[in-house]
Each structure stands twice: as structure tokens, then as C-alpha cells.
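A short write-up of the structure that comes next.
Computed over heavy atoms, backbone and side chain alike; hydrogens, waters and symmetry mates excluded. Order of the sequence lines fixes the chain letters, A, B, ..., with proteins taken first and strands second; residue numbering starts at 1 for each chain. Note that the coordinates shown come from a computational prediction; the quantities given were computed from them, not determined experimentally.
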Number of protein chains: 2
Amino acid sequence: MNNLNDTKRALIEKIGIFHEGIGLQPATGRVLGLLYVSDRPELTFDEIRETLGISKSAASNAINLLLHLNRLEYITYAGDRKRYFRLKLSRWRETLIEEIDKVTEFSATLQEVLLHRTKDTPGYNKSIDELAGFLNYLHSQIPALLQKWEQSKSA
Amino acid sequence: MNNLNDTKRALIEKIGIFHEGIGLQPATGRVLGLLYVSDRPELTFDEIRETLGISKSAASNAINLLLHLNRLEYITYAGDRKRYFRLKLSRWRETLIEEIDKVTEFSATLQEVLLHRTKDTPGYNKSIDELAGFLNYLHSQIPALLQKWEQSKSA
DNA sequence: CTGTTGGTTCAAAATTTACAGAACTAAAAT
DNA sequence: ATTTTAGTTCTGTAAATTTTGAACCAACAG
């Protein structure tokens with residue numbers, strides 16, 4: 001049914017490993033990978049299960065987690081009980097911001113650290129303060145970066 | 001020797017968990033946490049081991065990994081065989097760039113995906129191309145962001 | 001009302017990870 | 001020369017994670 005060549009299989013693994021790196025489990029990462037490379041971007045539960053060679057429960061868990069994370073949505077067709085799952089790719093901005101926020105939220109912890117650090121290590125404290133400060137700045141600049149990027153494209 | 005109050009212990013755990021999130025193991029994250037909160041910023045192998053209550057092997061592995069990742073350095077004193085480990089905090093810019101690069105490197109995979117995707121799904125492909133494009137743009141803009149942040153500070 | 005489809009949920013098995021403990025080593029101290 | 005220090009490396013294992021398979025369920029179809 002979903003016949004994938006070796007290149008695409010390898011890409012699925014690569015995409016899978018990347019997403020493992022950001023905290024998803026292997027099977028979940030592969031579901032994302034499959035949907036990225038599949039020529040038909042809407043796949044059923046069973047197509048996903050079968051193409052990836054995973055169990056129903058693994059497929060169910062992965063799909064539901066991804067739905068929860070807003071990475072996936074599904075469409076239905078009248079007279080067809082199956083759901084057709086696809087990536088919510090148009091939401092990439094929000095997804096990316098959420099990912100970057102994981103890092104920038106560390107800033108709050110650093111500021112807490114500063115409140116409890118001795119004042120006897122000014123150079124050290126200054127570095128922590130700088131890092132925290134830049135993380136906040138980075139966070140604040142993402143919308144502007146997105147805007148500037150859009151502009152640079154239309155130019 | 002290294003007497004830490006509950007607040008600092010909690011901060012160590014928080015810093016540890018954050019670093020677990022970016023791929024380090026718990027004990028390794030806690031070593032970073034300890035060095036962030038410790039009033040004495042240079043600690044010996046045994047002080048780290050004892051304060052965190054971890055085994056020599058766990059301490060050895062964590063410290064060597066962090067040295068490898070350039071997150072730690074050590075100093076020595078004549079007539080003292082111990083090494084004194086400390087955070088390479090002044091390197092936070094490089095560390096952060098490396099962390100952001102983990103995300104932006106995904107762009108290359110996306111471009112590979114595009115090479116192998118059918119042309120029959122233009123909207124879908126466009127989203128992938130946009131995401132890849134913005135990741136590249138983000139990567140390219142980090143140095144400028146650092147510069148602008150420095151300027152905004154001195155103002 | 002009975003069977004089938006499209007899943008979900010649960011318990012157990014398999015795999016992976018993280019760590020401890022003990023044995024070891026190189027350099028320095030006695 | 002032998003003991004101590006400051007770690008390293010290896011092996012075993014406990015715990016956590018991930019996955020499977022089987023039982024289950026709700027909705028619809030015949």
C-alpha cells in the first residue's frame with residue numbers, strides 16, 4: 001500500500017531521531033517522519049501502523065500524543081469511518097516557538113539562582129545574568145524575526 | 001563541607017531536569033546544577049561526588065562528558081594533586097549557539113525531504129520549505145542578535 | 001441482533017538507561 | 001619500596017522507558 005524506497009525510509013529514521021532528541025519516543029518520531037515524506041499526506045491509523053511496522057497500541061499512543069501536542073490533525077470523509085491523519089504543518093511557527101521557549105524558560109531558573117548566590121563572585125554572577133538576559137531578549141525577538149524573514153522573502 | 005540549603009538543593013534539581021531535557025543524564029545535569037549554585041564555584045571531584053551523593057563512576061563520567069562538551073574546565077594549584085572543576089560560564093554564547101544549532105540543523109533534513117517529495121502537494125511542500133527557510137534564517141541571525149543585545153544593554 | 005471496523009486500554013515483555021560498586025592504575029607522598 | 005591519592009574503567013543490576021499482544025469497546029453495516 002505505502003511503498004517507500006530506502007531513501008525515504010532513511011529520512012523517516014533521521015526525522016525520528018531528531019524528534020527523539022527533543023523528547024518524543026522513537027515510534028512517535030517515526031510517525032512524524034512518515035507524514036513528512038509520504039506522497040499522500042493524509043494517512044489512516046492502519047496505514048501508519050502497517051508502513052512503520054508498529055503495533056496498534058504504539059500507533060494509538062503516538063497519534064494521540066501528537067494530536068495533543070497539536071502537531072497532527074485529522075480529516076474525515078462522509079461514509080468512511082476512518083480518520084485521515086496529517087501534519088499540522090501550517091502551524092510550524094507556533095511549534096517552533098514552543099520549542100525555543102523550552103530553552104528560554106531556563107532564564108527564570110537562572111534568575112532564581114542569582115537571588116540565592118553569594119555576591120562574592122561578581123564575574124561568575126555577571127555571566128549568569130548575561131545568559132539569563134540574552135535568553136529573555138531572544139524570546140522577545142522571535143516575532144520580529146519571523147516578520148523580518150517574511151519581508152526578506154517578498155523582496 | 002558543602003552545606004546546601006533546601007532552596008539550593010531544589011535549584012540543583014530544577015537545573016538538572018532542564019539539562020535532562022536537552023539530552024544529558026540526570027547526574028550530569030545535577031553536576032551543572034551544583035556548580036551553578038555553589039558559593040565556591042570551584043569544586044573538587046570528591047566535593048561534587050559527596051555533595052550530590054553519587055558514586056565515583058557517575059561523577060567521573062559526568063565530569064568527563066561535561067569537559068568534552070566544553071561546559072566545564074578545571075584549574076590546579078601547585079602542590080595540590082586535586083583538580084578544581086568550574087563552569088565555563090563565559091562561554092555561554094557558544095554553548096547556546098550549539099544548542100540552537102541542534103534545532104536549525106533539522107533544516108538540512110527538511111531540504112532533503114523536499115528533494116524527494118512529490119510535486120503534487122504544493123501547499124504542503126511550501127510549508128516544509130518555509131520552515132526550513134526560517135530555520136536557516138534564524139541560524140544566520142544569531143550573531144546579529146547577540147550584537148544588538150549587547151548594544152541594547154549599554155544604552 | 002450479529003459481525004466487522006477502527007480504534008483504545010491494560011498487563012506483561014523487551015529494551016534501554018543510569019548508576020553503583022569493586023577492581024584497577026598512574027602519579028605522588030612517605 | 002610501599003602506601004595513599006585522585007581518579008578511571010568494567011561489570012552487574014535496578015529502574016525506567018518503550019513496545020507488544022490481547023482483550024475490550026463503541027459505532028456502524030448487513
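- Within the 4.0 angstrom heavy-atom criterion, only backbone atoms of the sugar-phosphate kind lie near A/N64; the bases stay farther away.
- Smallest separation of non-hydrogen atoms from B/W92 and A/E130: NE1-OE1, 3.2 Å.
- Separating the CD atom of A/E20 from the C1' atom of D/dT17 is a distance of 11 Å, rounded to the nearest angstrom.
- With no hydrogens or angles considered, no side-chain donor-acceptor pair links B/T44 and B/D46 at under 3.5 Å.
- Nucleotide D/dT5 holds its P atom 14 Å from the CZ atom of B/R49, rounded to whole Å.
- Taking the six-membered ring for Trp and the full ring otherwise, the centers of B/F106 and A/H19 sit less than 6.0 Å from each other.
- A donor-acceptor contact shorter than 3.5 Å links the side chain of A/T104 to the backbone of A/D101.
- Separating the CG atom of A/N61 from the C1' atom of D/dT19 is a distance of 9 Å, rounded to the nearest angstrom.
- For the pair B/Q25 and C/dA18, the criterion of a side-chain N or O lying under 4.0 Å from OP1 or OP2 is met.
- With hydrogens and angles left out, the side-chain atoms of B/N70 and B/K88 include a donor and acceptor closer than 3.5 Å.
- Checking C/dT8, D/dT18, C/dC19 against the side-chain heavy atoms of B/P26 singles out C/dC19 as nearest.
- Remark: P of C/dA18 and CZ of B/R30 are 11 Å apart, rounded to the nearest angstrom.
- The distance between atom CG of A/D80 and atom P of C/dT5, rounded to the nearest whole Å, is 13 Å.
- Among the nucleotides C/dT4, C/dC19, C/dA26, the one closest to any side-chain atom of B/R81 is C/dA26.
- Rounded to a whole Å, the CZ atom of B/R83 is 15 Å from the P atom of C/dA26.
- Regarding A/K82, its NZ atom lies at a distance of 14 Å from the P atom of D/dC28, rounded to whole Å.
- Residues A/I97 and B/L131 share a hydrophobic cluster, clusters being chains of Ile/Leu/Val/Met/Phe/Trp/Tyr side chains in contact below 4.5 Å.
- Atom OH in A/Y84 sits about 14 Å away from atom C1' in C/dG7, given to the nearest Å.
- A heavy-atom distance below 4.0 Å to DNA chain C is reached by these residues of residues 52-60 of chain A, ordered by number: A/K56, A/S57, A/S60.
- A salt bridge links A/K102 with A/E99: at least one charged nitrogen is closer than 4.0 Å to a carboxylate oxygen.
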